[in-house]
Amino acid sequence: MKTNNMADATKVLILVATVIVVCVLCAVGFKMVNEGKSSVNASTNNFNNMTSQYSDIDLAIYDGANVQGSEVTNLIRKAIESESYLSITVNTKASKANTYRDYNYEFKDPDSNTSTAASLGDMIKDNADTQLKADKKSSDYINPAAQFTGKVYKDANGVIICIKFTQI
């Protein structure tokens with residue numbers, strides 16, 4: 001019969017070394033899992049930011065863009081029909097200097113010299129559709145062939161709350 005010549009001390013050392021190796025492997029595994037969670041959370045935050053930016057992309061394109069009056073009136077009608085929380089202000093050449101006509105919501109302009117911050121007021125009570133069909137001699141008339149420059153205003157959460165169009 002064969003006998004094991006390995007001493008008990010050697011067996012204990014091998015057992016202790018095995019336990020240490022297993023503990024190190026477990027620690028490395030847990031560390032990798034935690035790093036993976038933080039990577040997933042960071043990627044989720046980036047994805048949510050990109051999604052929120054994409055949701056307003058159809059309105060953000062008006063920032064600094066030159067558009068025709070027909071597109072301005074179509075945007076106003078679309079905002080009114082969808083009852084979106086969006087103010088559209090228009091300044092035509094026929095209106096008095098720096099006089100803007102609000103559509104859908106009243107907007108307090110942060111660029112004006114007043115001390116009020118940008119905020120949406122009450123919904124406009126009059127019939128904006130009638131204003132869109134204003135007489136060509138009216139100061140509120142939006143000429144479909146005229147060029148307008150857009151400016152976009154956002155609230156503290158980065159949501160577009162106003163688009164201001166000024167006739168060129």
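Fair warning: this is a prediction, and the values are worked out from it, not measured in the lab.
- Within the 4.5 Å cutoff, the side chain of T92 has no heavy atoms near those of the N143 side chain.
- Contact check for T89 versus F165: no side-chain heavy atoms found under the 4.5 Å cut-off.
- Of the options N66, D63, T166, a side chain to side chain donor-acceptor pair (under 3.5 Å) to T149 is made by N66 and by none of the others.
- To the nearest 0.5 Å, the span separating CD1 on I163 from CG on L59 amounts to 4.5 Å.
- Under the 4.5 Å side-chain heavy-atom criterion for ILVMFWY residues, a single connected hydrophobic cluster contains both I20 and V12.
- Distance check: I160 CD1 to I57 CD1 gives 8.5 Å after rounding to the nearest 0.5 Å.
- A donor-acceptor pair under 3.5 Å is formed between the side chain of K93 and the backbone N or O of I168.
- Taking CG of N74 as the start and CD of E71 as the end, the distance is 7.5 Å to the nearest 0.5 Å.
- The NZ atom of K154 sits 13.0 Å away from atom SG of C162, with the distance rounded to the nearest 0.5 Å.
- G69 and I142 get closest at one heavy-atom pair: O-CG2, 3.8 Å.
- Hydrophobic clustering (side-chain heavy atoms under 4.5 Å, transitive across Ile, Leu, Val, Met, Phe, Trp, Tyr) groups I76 together with I61.
- F148 has its side chain within reach of V90: a pair of non-hydrogen atoms, C-beta onward, lies under 4.5 Å apart.
- By the 4.5 Å heavy-atom criterion applied to side chains, I88 and K78 are not counted as neighbours.
- Side-chain contact check for L75 versus Y62: some heavy-atom pair is nearer than 4.5 Å.
- For the side chain to side chain contact (heavy atoms under 4.5 Å, CB included) with V21, the qualifying choice from L25, T18, V24 is L25, the only one to do so.
- Atom CD of Q68 and atom OG1 of T73 lie 10.0 Å apart (nearest 0.5 Å).
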